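Here the structure is laid out as structure tokens; the discussion comes afterwards.
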Amino acid sequence: MSASPLKTDQELVRNALADRHAFAALVTKYEAPLRRYVKRLGINSAEDADDVLQEAFIKAYVNLNDYDPSLPFGAWMYRITHNESISLFRKQRVRPHTVETEEELVIFENIADATDIHAEIDKKLLKVAVHKALAGIGEQYRSVLVLRFLEEKSYDEIADILQIPSGTVATYISRGKRELKDSLLKEFISTDV
Amino acid sequence: MENFSEHIVKEIAERGATPKPRWHFLLKRSVFWTLAGLAIVTGGIAVSVAWYVFSDNDGLRTLGQPALQDTLRDFAQSIPYIWLFVLGLFTASAYLGFRRTRKGYRYATVVVVGAAIILSLVFGLILDRLDFGQTVHKYLLSNTTVYDKLIHSSEDEGDYEGNY
């Protein structure tokens with residue numbers, strides 16, 4: 001079953017409440033962006049990503065009546081998926097892994113731009129280093145940086161996904177960039193670049 | 001091979017998962033709103049009693065004393081810390097209750113805490129005008145021994161019942 005482009009998320013939610021098979025349309029619509037998101041958060045194992053998405057979608061289905069139609073359904077799904085991802089990290093007590101694809105490296109450059117250290121460090125090395133450093137910074141900072149620079153979400157959307165005030169989002173982005181920059185500089189100094 | 005969406009629907013069926021009813025969430029949200037509201041009301045009661053104890057206990061009169069040291073000491077002794085502690089406790093409860101409401105996360109901590117304190121102060125001053133603080137204070141003095149010890153711990157004069 002595929003999502004009809006004519007139906008809004010609110011209509012799809014109503015349909016899913018009436019018939020669970022209709023929930024497949026919402027899964028189809030959000031599977032790809034959410035899979036990409038969990039990967040960017042550092043869940044590289046396909047099996048783990050499947051588990052996170054499965055639990056997130058089932059949780060969403062069970063709590064469908066709690067969905068606030070004044071928010072985009074996507075933001076709500078991102079929130080649930082984010083919480084599931086964090087739960088997985090805590091369960092496994094591991095740091096997120098780094099991502100490796102060329103597409104990811106290009107987008108990671110967006111973060112590098114925001115740290116203003118291009119002038120100091122070779123660009124190519126930086127691209128590789130940024131995604132490594134991202135996996136090593138604090139969880140809340142990594143989340144906002146991924147949402148802002150990789151998922152390209154607005155501050156308000158990030159606030160709705162992470163359930164924090166917009167002002168806190170701005171603070172986390174600022175601190176996250178600083179932490180990322182420090183982490184990068186440390187890495188380059190230690191490797192004598 | 002089934003696709004992911006079919007797999008999810010199948011998994012939902014196998015687990016026997018169904019959407020929780022709307023009333024479940026309404027009730028949950030109501031609990032947090034009620035908690036926040038009750039915390040404001042209780043904070044207001046704390047303010048009204050604190051204001052009564054403070055104003056009845058030379059707290060304002062000491063401000064006119066010539067010696068600054070005496071003024072500050074007497075002023076400090078006149079503050080009903082226990083009620084300020086109660087106000088702080090219920091302000092924190094109001095904050096936690098409000099943050100768990102649907103859109104409570106959108107507001108900064110300082111805004112929510114500030115609003116809770118202001119609401120408690122306004123409500124407390126209204127209660128004070130109705131002599132509610134005095135009533136609560138006297139009731140607690142007459143019916144509990146702990147309250148008497150708590151409220152007298154930082155004071156050495158006056159009977160706190162308005163009789164000098």
Side-chain angles (χ1 to χ4, degrees), chain A residues 1-3 12-32 34-35 46 49-71 75-76 79 155-171, chain B residues 1-37 39-40 88 91-120:
Chain A
M1 192 182 291
S2 62
L12 293 174
V13 168
R14 270 199 299 277
N15 292 347
L17 282 167
D19 172 17
R20 77 161 173 264
H21 291 96
F23 187 65
L26 284 164
V27 177
T28 303
K29 184 171 180 181
Y30 286 101
E31 182 200 343
L34 292 175
R35 194 175 287 281
D50 276 345
D51 286 347
V52 165
L53 288 183
Q54 176 176 296
E55 291 313 308
F57 278 118
I58 291 174
K59 230 169 226 180
Y61 178 71
V62 169
N63 294 289
L64 217 45
N65 273 314
D66 194 31
Y67 163 61
D68 177 0
S70 69
L71 292 179
W76 191 62
R79 180 192 298 174
Y155 280 32
D156 285 342
E157 283 175 306
I158 297 171
D160 288 333
I161 291 166
L162 300 180
Q163 292 189 285
I164 54 177
S166 297
T168 307
V169 172
T171 306
Chain B
M1 191 184 156
E2 66 181 5
N3 63 33
F4 190 71
S5 61
E6 287 167 351
H7 167 74
I8 294 295
V9 172
K10 200 173 148 194
E11 189 68 24
I12 287 170
E14 277 173 11
R15 293 191 193 185
T18 52
K20 288 180 189 166
R22 197 175 295 274
W23 65 259
H24 171 94
F25 299 104
L26 284 172
L27 184 68
K28 195 174 145 192
R29 282 197 291 277
S30 305
V31 165
F32 290 118
W33 275 112
T34 306
L35 175 68
I40 296 290
T91 299
S93 304
Y95 167 75
L96 292 174
F98 181 75
R99 283 303 290 262
R100 295 296 300 270
T101 60
R102 195 172 238 175
K103 286 176 180 154
Y105 64 86
R106 287 188 174 180
Y107 301 89
T109 302
V110 66
V111 173
V112 180
V113 170
I117 290 174
I118 289 169
L119 284 173
S120 291

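Predicted model, so just to flag it, every value in this text is computed and none were measured. First the proteins, then the strands, lettered A, B, ... as listed; each starts at 1.
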Does atom NZ of Lys10(B) have more than 12 heavy-atom neighbours from other groups under 6.0 Å away? no
Please flag which part of Asp160(A) lies under 4.5 Å from any non-hydrogen atom of chain B: side chain, backbone, both or neither. both
Partner chain B: residue of Asp50(A), Ile164(A), Thr168(A) with the largest heavy-atom pair count (under 4.5 Å): Ile164(A)
So, the part of Tyr67(A) with a heavy atom under 4.5 Å from chain B: the answer is backbone
Pairs flagged by side-chain hydrogen bond (donor to acceptor under 3.5 Å, both in side chains) wherever residues 23-34 of chain B is involved - sequence neighbours left out: Asp66(A)-Arg29(B)
Relative to each other, are the rings of Phe23(A) and Phe57(A) parallel, tilted or perpendicular (30° and 60° limits)? perpendicular
Please classify the contact between Leu71(A) and chain B as side chain, backbone, both or neither, with a heavy-atom cut-off of under 4.5 Å. side chain
Lys/Arg-Asp/Glu bridge criterion (N-O < 4.0 Å) met for Glu11(B), Arg15(B): yes
Bottom line for Gln163(A): the part with an atom under 4.5 Å from chain B's heavy atoms is both
Taken in chain and number order and not counting sequence neighbours, the residues that satisfy ring-ring contact (aromatic ring centres under 6.0 Å, His included) with Tyr105(B) are none
